[in-house]
Amino acid sequence: MFELNHALLGRSLLNIRSLSDSELAYMVDLAMALKARKRAGIRGDLLRRMNIALIFEKSSTRTRNSAAIAVRDEGGHAEFLTGHDTHFGVKESVADSARVLGRLFDGILFRGYRQSTVETLAKLSGVPVWNGLTDESHPTQFLADMMTMREAFGEVRGRTMAYVGDGRNNVANSLMMGCAKAGINFVNVTPAALFPSETLVAEARAIAVRNGCEIRVETDPVQGVKGANVLYTDVWVSMGEEDKKAERLALLRPYQINMKLCEATGNLGKDLIFLHCLPAFHDNQTDVSRETGALEVTDDVFESDFSRVFDEAENRMHTIKALYVSALCREAGF
Ligand code: CP
Ligand code: NVA
């Protein structure tokens with residue numbers, strides 16, 4: 001029987017800081033148990049009659065569908081609210097919408113621009129709020145990344161991740177904080193113009209010290225990936241930053257993940273996996289990559305046997321389900 005941690009009842013996930021080191025590990029344990037439960041064909045009622053609001057200001061494939069299926073698998077319902085269909089943040093303030101939605105729903109998952117929006121929702125709605133990506137952070141993504149590493153390596157503590165690309169985006173920020181909490185060495189490999197905030201690096205380093213791991217920022221790709229067990233990248237231009245496209249492509253072309261860079265880890269064919277939060281530009285199958293020719297990862301790496309990107313995408317659902325269950329359910333009963 002899986003023991004639920006009642007300290008997590010009613011809790012929000014606004015960024016990785018919302019969870020202690022042990023709660024982060026526990027959340028992945030719970031997600032793994034829920035994955036096994038689903039694999040065994042069980043659709044239960046852990047979230048029976050629960051209603052979750054999904055507020056999306058930005059596009060999504062994985063987060064939106066994971067957030068909907070996670071509650072439906074366990075007997076609840078998700079209501080999808082886009083910026084255009086509701087008054088949220090347009091005709092009605094976030095603060096007023098938060099108080100209305102909190103009276104109707106058991107929880108809210110938000111994806112959008114400002115971190116302050118997700119914080120206001122959590123402060124005023126009175127229900128758990130989960131951050132499904134803001135400009136600053138993408139904490140639910142880190143849970144799936146950590147779960148995928150656990151599946152690949154067993155223990156993640158002491159492993160090394162090199163994130164190569166836009167070093168100051170939402171995914172990079174959450175990876176840095178999450179790795180520090182999980183005892184994973186983290187190297188942010190990025191040009192100086194895209195360095196992460198010094199405050200965030202200092203905070204992650206302080207956490208890393210207690211967990212016996214290291215947080216580094218490197219500009220040289222070959223030096224930066226040496227010894228990595230996980231190579232991770234993300235798009236070079238995040239949602240909402242489309243006007244920075246030309247500048248980003250010029251800065252990041254030398255930071256493409258290709259087989260040569262995989263070889264530079266020294267772990268290719270032995271102890272290396274490739275992760276990407278997706279969506280990815282890895283071939284010329286999309287309008288954007290055809291137009292710019294800019295690929296953050298080559299197709300041979302993306303399609304390789306050490307690429308775990310589709311396990312990672314599936315794990316978005318199991319980890320979001322773990323967040324719902326831990327915050328809304330008293331008895332696991334499985
Ligand atoms: N990784 C991720 O958040 O994907 P979506 O943008 O499709 O939700
Ligand atoms: N950094 C990317 C992540 C997409 C999941 C973005 O914000 O667009």
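Numbers here are sequence positions counted from 1. Whatever order the structure lists ligands and atoms in, that order sets their numbers, starting from 1.
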**Message:** I'd like to know whether CZ of Arg114 has more than 12 heavy-atom contacts from other residues, nucleotides or ligands below 6.0 angstrom.
**Reply:** no

**Asked** Does Leu278 have a non-hydrogen atom less than 4.0 Å from ligand 1?
**Response** yes

**Request:** Could you tell me whether Ser238 and ligand 2 have an N or O pair separated by under 3.5 Å?
**Result:** yes

**Message:** Tell me whether ligand 1 is touched by His138 - counting only heavy atoms on the residue side and a distance under 4.0 Å.
**Reply:** yes

**Message:** Would you say CD of Glu242 has more than 12 non-hydrogen atoms from neighbouring residues, nucleotides or ligands within 6.0 angstrom?
**Reply:** yes

**Fill in**
Here the atoms of ligand 1 under 4.0 Å from any heavy atom belonging to Cys277 are 1 (N)

**Close-contact set for ligand 2 against Asn170 heavy atoms, below 4.0 Å** = 1 (N), 2 (C), 6 (C), 7 (O)

**Request:** Compute the centroid of each ring, for Trp130 and then for Tyr324, and state whether the two points are separated by less than 6.0 Å.
**Result:** yes

**Request:** Looking only at protein heavy atoms, identify the closest one to atom 8 (O) of ligand 2 and say how far it is in Å.
**Result:** Met239 N, 2.8 Å

**Asked** Counting each atom of ligand 1 from 1 as listed, which ones have a heavy atom of Arg316 under 4.0 Å away?
**Response** 1 (N), 2 (C), 3 (O)

**Item:** Close-contact set for ligand 2 against Leu133 heavy atoms, below 4.0 Å
**Value:** 3 (C), 4 (C), 5 (C), 7 (O)

**Message:** Could you tell me, atom by atom, which parts of ligand 1 come under 4.0 Å of a heavy atom of Thr61?
**Reply:** 5 (P), 7 (O), 8 (O)

**Request:** State plainly whether the residues Arg157 and Asp21 are in salt-bridge range, i.e. N to O under 4.0 Å.
**Result:** no

**Complete:** Among Arg62, Arg111, Arg64, His276, closest by heavy atom to atom 3 (O) of ligand 1 is Arg111

**Asked** Is ligand 2 less than 4.0 angstrom away from at least one heavy atom of Leu278?
**Response** yes

**Prompt:** Any idea which heavy atoms bring Glu296 and Phe281 closest together, and the distance?
**Reply:** OE2-N, 2.9 Å

**Request:** Give the intermediate values and the outcome of salt bridge (charged side-chain N to carboxylate O under 4.0 Å, His left out) for residues Glu214 and Arg205.
**Result:** CA-CA 7 Å; Glu214 242 193 352; Arg205 281 192 175 136; over 6 Å; no

**Request:** Looking only at distances, please establish whether an N/O atom of ligand 1 is found under 3.5 Å from an N/O atom of Thr63.
**Result:** yes

**Request:** Give the ring-plane orientation class for Tyr26 versus Phe2, where under 30° counts as parallel, over 60° as perpendicular and anything between as tilted.
**Result:** tilted

**Message:** Check this for me: does any side-chain nitrogen of one of Arg308 and Glu151 sit under 4.0 Å from a carboxylate oxygen of the other?
**Reply:** no

**Prompt:** Is the closest N or O pair between Asp234 and ligand 2 shorter than 3.5 Å?
**Reply:** yes

**Side-chain donor or acceptor of Asn185 paired with backbone N/O of Cys213 under 3.5 Å** = no

